[in-house]
Amino acid sequence: MTLCSTLALVLHLALATGGVIAPKPAPQAADDTSGAQAAWDQLDAIKGEGADGELTGEGLSAWVDTEKVPTLMAIVVFGLLMFVYQRKAKAGQEISIRRIAGLDAMDEAIGRATEMGRPVLYVPGIDEIKEIQTIYSMMILRHVARKTAEFGTDLIVPVKDSIVLTFAEEAVKAGCMDAGRPDAFVKDNVRYLSNEQFAYCAGVAGIMAREKPAANIMLGMFFAESLILAESGFMTGAIQVAGTAKQHQLPFFVAACDYTIIGEEYFAVTAYLTREPNLLATIRTGDFTKWIGITLLIMGVVLATKAVGAEGITWADVFLRLAGK
Amino acid sequence: MFLALQEAVTEAPFFTLDTSQPGDVLGAWLVCFLTLAVFSFLYKDNPFYKFAEHLFVGLGTAWFTMKYYEEGIVQPIHEYITSARAAGAAGEVFELGGYPLDTAWAIGFRVVAGIFALFLLSRLIAPNGWAPRWPLAIMVGVYAALKMTGETQSKLVLLLANAVAPVTDPNKLAWGELTQNPGWRIENWDMFFSFSMGIFFVGLICALLHFVFTFKRTRVLAGVSKVGVVTLMITFGSMFGFTVLGRIALLIERIDSLDGYTDPAYSLAGDSGGFLTMAFSPPILLGAVIALTLGVGALRGRGGDSA
Amino acid sequence: MASLRDFDRRWIFLIMAVIVVGLNVTGGGGRLPVSEYVHNYYDTIEALPEGSIVMLSADFDPASAAELLPAYTATIHHLFTKKLNIVNVATWPAAPPYTVSEFGRIAPQYGAEYGESWVALGFLPGDDVAMGNIGQSLASAYPKDDVDETPYGDLPLLERVGDNMDGIDLLITMSAGYPGILEWIAQVGGRYEVPILAATTAVQTPDLFAFYPSQCAGFLGAATGATQYLQLVDEATGGAVEKERLVNQKRMAVQSGAHLFIILLIIVGNLIYFIGRRGA
Amino acid sequence: MKREIPILLTVLSGLLVTLAFFTRGENVAAGIETHWSKAVNAELLQWALIFFSVAFILGIANLVRISLKQIQGGGADAFYKTVMLIALFGYLGVGLGEYHGWWSFAGEGEQPMKLWIYDKLFIPLQATMFSLLAFYIASAAFRAFRARSLESTLLLVAGAIVMLGQVPVGDQITDGYASRWLAFLMVYVNGAGQKAIIIGATLGVLATGLRIVLGIERSYLSE
């Protein structure tokens with residue numbers, strides 16, 4: 001806390017007093033822009049656009065929505081990279097993955113539940129199956145179901161949506177099969193509670209209070225109910241592992257859960273749990289794409305800063321147009 | 001009682017569907033009872049709350065069922081086929097997604113959709129059959145593709161493109177009111193702006209690198225990741241602050257709304273004024289009844305489940 | 001730590017309730033300093049010449065009305081004071097009743113005629129797709145209006161708008177979540193040269209800073225922003241929204257008490273935690 | 001065959017929707033006509049909506065099945081489950097009747113009964129459920145928000161600045177600086193963090209979506 005108050009004091013003083021800083025020259029205007037103009041015209045021709053941005057019906061514009069070409073390129077490049085990394089992974093190249101503490105804790109939590117003879121609660125978020133996070137949560141559920149079936153622990157899965165219910169049943173069934181214990185699947189433990197957010201939430205809170213699961217695993221797409229779920233679970237003293245890529249709910253999970261899987265970490269869960277080369281290759285692709293993105297960002301910033309004060313078409317304009325803006 | 005947005009009401013009908021009326025007595029008592037019943041959960045799980053909760057589940061499910069029935073079954077199947085047939089009979093051009101289409105094809109496609117929908121229902125009879133998987137597979141494909149394309153466009157490509165900005169800009173001031181201090185502005189260069197943009201870009205890049213999983217965790221990358229975590233935590237902190245603001249605003253509104261029903265027009269004691277009118281107004285009377293019931297239950301030691 | 005876990009949190013609930021109800025009774029609440037992004041919202045509307053056409057999209061429902069209705073009311077007053085024309089749309093199914101009731105109340109105060117000064121087009125399903133359709137072709141998205149099913153071209157205001165976004169001078173959204181301001185920015189802001197303003201719920205406000213001011217010229221962030229804006233509009237209209245202003249200023253005073261209480265809870269909770277840890 | 005057909009359907013519908021995203025709609029000035037994929041896309045979206053709605057009946061069947069079981073078994077909750085079923089079917093009856101014009105409770109210019117029920121029962125229930133969050137946040141603040149590390153300390157301090165900067169009392173205490181710190185935090189730090197989280201999550205969506213559309217990911221279908 002002292003560190004923080006010191007920091008706050010320094011910032012406060014800095015803002016209050018201003019300060020005398022040695023003058024620096026104003027940024028230089030960008031120099032020659034004729035090259036950029038030529039590139040711009042070339043782009044017009046390829047895209048099939050006139051000088052005012054209207055369509056000519058030639059070039060790409062005839063059937064492709066030219067504004068979306070950068071998106072198309074992003075998806076294609078991502079797909080190609082994924083193909084390459086998967087080939088490499090199949091050929092035996094090892095891909096290591098950094099530690100994600102929350103996932104290491106999940107096994108531990110299931111183990112503890114077994115020791116205490118209490119069930120494990122898996123909340124797959126409250127969105128519909130059209131949300132990719134929900135689809136993804138179903139894949140994780142399969143692994144969790146395999147673990148609980150192996151340990152012989154009850155797994156309760158309350159769901160908010162009827163389609164998710166079908167998927168959740170399939171996932172738990174498949175997980176039990178994976179563990180070689182198809183008898184471990186209990187149909188009434190995958191429960192449709194309600195399609196209404198807070199009614200669902202109250203239902204889950206009720207399960208937490210009555211059946212006292214020893215571990216609450218909350219992975220998926222969450223909305224305002226996240227705090228109530230985390231808080232209710234906290235009251236029962238269960239180990240809580242939560243994860244979502246929905247940033248608005250992360251503060252509350254960070255606050256009230258023992259472990260939190262943040263943002264993109266969520267999409268690395270299956271790869272982390274299975275170490276399947278195929279999935280690791282996908283994560284690797286995402287990492288590489290991030291490096292590309294950062295490089296492009298820095299290039300763009302340098303060009304844009306150089307272009308400050310320049311007249312006409314600059315390289316920054318060309319760059320941004322290529323980036324889809 | 002105190003300053004509230006609701007209009008003062010002199011006389012209210014017992015029940016009305018006319019929206020130009022300020023409100024009805026029955027509605028006032030229902031709203032107050034349900035509001036207080038939900039609030040009673042804060043004390044502990046109790047019969048009032050359970051009643052409100054189950055009413056809520058039933059109504060909520062019915063509300064969504066009707067919405068899906070109207071928008072997802074009647075409109076796309078019944079009304080669509082009716083309008084396609086009408087267009088076919090009149091010899092008009094029938095368009096689907098802006099593309100002109102023969103009406104026989106349009107109706108045929110929709111009939112196939114109806115058959116697939118029945119496949120889905122076959123789950124009620126044969127839970128493990130193959131049939132429900134077909135429509136489910138189509139749904140997964142459609143939604144996965146929709147999200148993939150749309151989000152890549154607006155939240156990846158355009159988001160990065162929009163982040164590109166000069167770190168110096170003579171036309172831009174940083175921090176709004178903060179830069180009224182002339183000490184930070186030198187000719188046409190605003191130091192605060194450059195400093196702030198620097199913080200922005202460093203924060204963005206470090207936070208992105210925190211989400212790199214498979215590259216070797218060198219000391220540099222670990223340090224960068226640490227800076228990224230700091231940025232993320234401050235972000236979460238500010239989201240936390242704003243969420244507090246929003247939730248408390250909702251609570252204040254509920255209290256304000258309850259207060260509006262202390263109006264004499266809703267009171268059982270009529271608007272004779274004074275203590276009785278207030279005591280027999282819906283929020284006060286219902287609040288007292290709920291509190292008394294729970295209190296007596298607690299004293300006898302046989303309330304509902306503990307919260 | 002154990003004592004903290006055993007602590008009955010209902011005491012906290014009780015104090016919180018006492019603070020909110022108590023401050024509500026005592027009332028009070030003064031003027032708030034106006035933030036830059038709120039001023040930008042106000043100034044963008046002020047800068048429009050008389051007779052300009054504003055598209056006002058109601059993207060909220062009853063659950064978020066507590067936060068957005070004050071901003072909605074104030075915006076309508078402001079637009080009518082400036083003699084601007086309003087095209088109302090909605091992408092949330094529960095929003096149109098608010099449009100009807102607010103305009104029914106406010107429009108007569110300014111002598112604004114339906115069809116000439118304002119129109120209500122109603123709810124369009126489809127979320128972001130609906131927004132894309134509105135941008136691409138307003139006429140085919142809404143063949144008829146919402147009030148008495150008049151064909152699009154028969155309303156004089158819509159005739160002036162023409163078919164698409166080029167006829168609109170400003171887009172304002174009352175945004176409660178998905179779909180809302182972020183989708184308007186993606187679907188319309190990126191494709192048509194129309195400035196966008198927004199009023200947002202508190203939860204959505206942090207997102208918007210990533211788009212301000214390049215893609216969203218100004219916004220009313222949460223209850224604070226709405227209250228600040230009500231102050232500005234109240235001055236500009238000579239007291240037309242005085243009641244709303246007073247209620248919201250009072251609510252902000254209640255909010256102050258609740259925020260201080262929560263900060264106090266964090267500090268005390270941490271003190272207990274650290275003392276307990278030192279003891280152990 | 002049992003496995004191949006569903007995967008084929010996923011891939012086919014996914015690819016068609018992806019294609020339609022990139023093709024162009026009509027542009028009269030340039031003489032461009034709508035691409036056929038737009039029509040397929042529109043049709044597939046309607047299909048998804050239909051399946052979604054029909055499947056909703058499955059959910060109700062499940063809810064009713066479980067509730068009836070509980071009512072039959074007697075016990076403490078039987079009464080509440082009955083309340084729920086009455087609310088469910090009662091409201092469905094009112095709503096469907098009014099939608100199809102079988103009956104109406106409203107006179108000329110009045111709102112339908114289903115909106116009255118929505119107003120007087122559903123809205124207070126939902127809004128109050130939301131406002132409970134204010135209390136839960138208070139209790140979480142006391143018991144769960146701990147300055148265990150530099151990171152969580154930062155989270156708390158930033159949260160406090162935002163809370164103070166948004167209300168009048170904050171500026172009174174800090175001589176007007178709370179709202180300025182807020183402005184800086186929100187625009188430059190929160191802005192960066194938001195973008196990073198969104199970009200990261202979108203890469204996850206892209207990867208998972210692409211795997212599904214290309215038929216590489218099949219684990220959501222049991223074998």
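What you see is a predicted model, and the numbers here were worked out from it, not measured in a lab. Order of the sequence lines sets the chain letters (A, B, ...), proteins ahead of strands, with each chain counted from 1.
- Side-chain contact check for B/M148 versus D/L210: some heavy-atom pair is nearer than 4.5 Å.
- In terms of heavy-atom pairs under 4.5 Å with chain D, the best-connected choice from B/A113, B/G241, B/G246 is B/A113.
- Contacts between D/M129 and chain B at a heavy-atom distance below 4.5 Å involve backbone atoms as well as side-chain atoms.
- Only the side chain of B/L232 comes within contact range of chain D, with heavy atoms under 4.5 Å apart.
- Side chains of D/M84 and B/E53 form no contact here, defined as non-hydrogen atoms less than 4.5 Å apart.
- With a 4.5 Å cut-off on non-hydrogen atoms, D/V189 touches chain B through its backbone and its side chain both.
- In this structure, chain B has heavy atoms under 4.5 Å from both the backbone and the side chain of D/I199.
- With a 4.5 Å cut-off on non-hydrogen atoms, B/F119 does not touch chain D at all.
- Under the 4.5 Å side-chain criterion, counting only non-hydrogen atoms from C-beta, B/L55 is not in contact with D/Y80.
- Here the OG1 atom belonging to B/T149 is positioned 10.0 Å from the CG atom belonging to D/L206, to the nearest 0.5 angstrom.
- Atom CZ of D/F184 is separated from atom CZ of B/F195 by 5.0 Å, given to the nearest 0.5 angstrom.
- Residue contact with chain D, scored on non-hydrogen atoms closer than 4.5 Å, involves the side chain of B/Y69 exclusively.
- When side chains are defined from C-beta on, B/I138 counts as touching D/W47, because their heavy atoms get closer than 4.5 Å.
- Heavy atoms of D/I117 lying under 4.5 Å from chain B belong exclusively to its side chain.
- Taking the side chain as every heavy atom from C-beta outward, D/F52 and B/M139 approach each other to under 4.5 Å.
- Heavy atoms of D/F21 lying under 4.5 Å from chain B belong exclusively to its side chain.
- If you measure heavy-atom distances from D/F105 to chain B, the contacts under 4.5 Å come from both the backbone and the side chain.
- Within the 4.5 angstrom heavy-atom criterion, atoms from both the backbone and the side chain of D/F51 approach chain B.
- For B/F240, the part sitting under 4.5 Å from any heavy atom of chain D is the side chain, from C-beta outward, and nothing else.
- For D/I137, the part sitting under 4.5 Å from any heavy atom of chain B is the side chain, from C-beta outward, and nothing else.
- Taking the side chain as every heavy atom from C-beta outward, B/D24 and D/W116 approach each other to under 4.5 Å.
- Among B/G228, B/A106, B/P76, B/P100, the residue making the largest number of heavy-atom pairs under 4.5 Å with chain D is B/P76.
- Taking a 6.0 Å sphere around NZ of B/K155, one finds it holds 12 or fewer heavy atoms contributed by other residues, nucleotides or ligands.
- Considering CG of B/L250 and CG of D/L133, their distance stands at 8.0 Å, rounded to 0.5 Å.
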Checklist line | D/I5/B/W130 under side chain to side chain contact (heavy atoms under 4.5 Å, CB included): CA gap, chis, key distance, verdict | finding: CA-CA 10 Å; D/I5 290 181; B/W130 52 270; over 6 Å; no

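- Between B/F211 atom CZ and D/I197 atom CD1 the span is 6.0 Å, to the nearest 0.5 Å.
- Interface residue B/L208: backbone and side-chain heavy atoms are both found under 4.5 Å from chain D.
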Next item on the list: Apply side chain to side chain contact (heavy atoms under 4.5 Å, CB included) to the pair B/M197 and D/Y188, showing each step before the final yes or no.
Entry: CA-CA 7 Å; B/M197 290 307 274; D/Y188 296 103; 3.8 Å; yes

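- In this structure, the portion of B/V74 lying under 4.5 Å from any heavy atom of chain D is its side chain and not its backbone.
- In this structure, B/F56 has its ring center under 6.0 Å from that of D/F122.
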Margin query: What verdict does the side chain to side chain contact (heavy atoms under 4.5 Å, CB included) test give for B/F242 and D/M186, after you've listed the backbone C-alpha separation in whole Å, the side-chain angles of each residue and the deciding distance to 0.1 Å?
Written below: CA-CA 11 Å; B/F242 265 97; D/M186 292 316 287; 3.4 Å; yes

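- Note on ring orientation: taking the six-membered ring where Trp is involved, the planes of B/F51 and D/F79 are parallel (angle under 30°, cut-offs 30° and 60°).
- Annotation: the span from B/I234 atom CD1 to D/N190 atom CG amounts to 10.0 Å, rounded to 0.5 Å.
- Contact tally against chain D (heavy-atom pairs below 4.5 Å) for B/V38, B/V229, B/T231, B/I248: the top residue is B/V38.
- When heavy atoms are compared at a cutoff of 4.5 Å, D/A127 approaches chain B by way of both its backbone and its side chain.
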Note to self: Does D/M163 form a side chain to side chain contact (heavy atoms under 4.5 Å, CB included) with B/L245? I'd like the steps, not just the answer.
What the structure shows: CA-CA 7 Å; D/M163 274 189 261; B/L245 175 77; over 6 Å; no

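- One distance of note links CG of B/L251 with CZ of D/F130; it measures 13.5 Å at 0.5 Å rounding.
- Considering only heavy atoms from C-beta on, D/L45 comes within 4.5 Å of B/L146 through its side chain.
- Annotation: side chain of B/S238 is not in contact with side chain of D/L185 (no heavy-atom distance under 4.5 Å).
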